[in-house]
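Atoms within a ligand are numbered from 1 in the order they appear, just like the ligands themselves. Every heavy atom of this structure was used, including side-chain atoms; hydrogens, water molecules and symmetry mates were not.
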Amino acid sequence: MGMGMSHEAEGAGAIYFAFRGRNLLVLTDSVAGPRLPDEAGWTALALAPLRINEVGEGLSVRGMVVELAESVEAPAGAAFHGLRGLHGVLDDELYRMAGRAVQVMEWDRSHLFCSRCGTAAERVEGELAKRCPACGKTDYPRITPAVIVRIESGDGSRVLLARGPQFAPGVYSTIAGFVEPGESLEEAVAREVREEVGVEVAEIRYFGSQPWPYPHSLMVGFTARYAGGELRLQESEVEDAKWFGVDDMPLVSPPLSIARVLIDDWVRSRGGDPATLRAFDGSGIRRPE
Ligand SMILES: [Zn+2]
């Protein structure tokens, strides 16, 4: 994950991702909708950053992430917005960069000191890493893997979805949970399913993944097939779980989530149309975090 500090002036030609807490500063002075400041726009805002980092290379645009103090007010022509609400508002690549930017910022501000000896840590040139000048320990940004799985019945005609007590009313989704130390992803899938709904699964196959920056997860998606056992719900985590057919689907997760991509894929495989699924707005949908 090279950072490649540029020889240009810091921030030249860059887009600025400025966060107050986890809310992103957007310019609201255009009828075309919210946009992110470029270098000139950022300079014009005259805000004092607590810390600035480069978001990282490998992206078509250069990005700088700025941490602002909680006391900073949005200047005229600008506003702070939660990231989730900016999906579909910002250009897709900028939205993905914002997800990376907020994680770089969170990592930076939560690793000011060496986690072993407490000495002030220093940034490593050319890497997203911090090194302790006293004991030499190097810390990298933390990414927490979580698994999420779509379970089909033995004949493939139904899908098992569950709802947590914090879900919005009527919403069901795929089962998810964090990977534990020493576990493979597939073992985590089998364990989470067993713990949450009491059944065994087989044919655990990788589907796809999604960074989930709330605060620093990587959701790793799988499909699996029911292989035995009765539904037995883990009371604290699962309020209800049911088998659904393609013609009687419940309210589901919003399009933003990999849960929804998994569900849409299954609906299509059964000859259904995902566009007919009803999604709740999503603000109440709990994620492992
Ligand atoms: Zn140290």
Side-chain angles (χ1 to χ4, degrees), residues 1-25 36 39 42 47-59 61-72 80 82-83 95-148 176-188 191-192 209-220 287-289:
M1 205 191 288
M3 280 272 294
M5 291 309 279
S6 164
H7 294 293
E8 317 164 51
E10 182 126 326
I15 299 290
Y16 278 74
F17 299 86
F19 288 93
R20 184 184 68 189
R22 297 184 65 85
N23 291 321
L24 180 61
L25 184 81
L36 294 170
E39 192 192 14
W42 166 251
L47 292 169
L50 290 178
R51 273 174 287 277
I52 297 190
N53 278 282
E54 190 165 345
V55 178
E57 61 186 24
L59 301 156
V61 201
R62 220 169 139 233
M64 304 302 291
V65 56
V66 179
E67 181 185 349
L68 296 168
E70 287 291 342
S71 58
V72 166
F80 288 102
L83 268 194
Y95 185 79
R96 278 197 302 277
M97 284 181 76
R100 177 171 172 146
V102 72
Q103 292 184 81
V104 170
M105 180 197 70
E106 294 276 6
W107 165 72
D108 185 35
R109 75 170 169 197
S110 58
H111 292 80
L112 299 177
F113 300 96
C114 171
S115 59
R116 181 190 285 150
C117 76
T119 304
E122 295 172 350
R123 276 299 293 271
V124 178
E125 182 108 7
E127 268 194 286
L128 265 184
K130 291 197 178 191
R131 193 167 178 279
C132 173
C135 76
K137 185 172 191 291
T138 305
D139 279 314
Y140 298 93
R142 177 179 161 199
I143 297 167
T144 305
V147 291
I148 182 161
F178 286 116
V179 179
E180 293 185 350
E183 258 182 345
S184 71
L185 297 170
E186 292 82 357
E187 286 165 347
R191 176 187 50 76
E192 280 293 335
S209 64
Q210 180 182 54
W212 193 254
Y214 311 104
H216 43 61
S217 291
L218 176 66
M219 303 291 289
V220 188
R287 290 263 167 172
E289 40 182 55

Nearest-0.5 Å distance, CG of residue Leu24 to CG of residue Leu36
5.5 Å
Shortest non-hydrogen contact from Ala69 toward Arg20
O-CG, 3.5 Å
Least distance between heavy atoms, Asp108 atom then Lys130 atom:
OD1-NZ, 2.6 Å
Which residues and atoms, protein N, O or S only, are under 2.8 Å from the Zn ion (ligand 1)?
Cys114 SG, Cys117 SG, Cys132 SG, Cys135 SG
Least distance between heavy atoms, Glu183 atom then Ala188 atom
OE1-CB, 3.3 Å
Flag the pair Phe19 / Leu68 as yes when at least one side-chain heavy-atom distance between them is below 4.5 Å, and no otherwise.
no
For the pair Arg22 and Glu106, find out whether any cationic side-chain nitrogen is under 4.0 Å from an anionic carboxylate oxygen.
yes
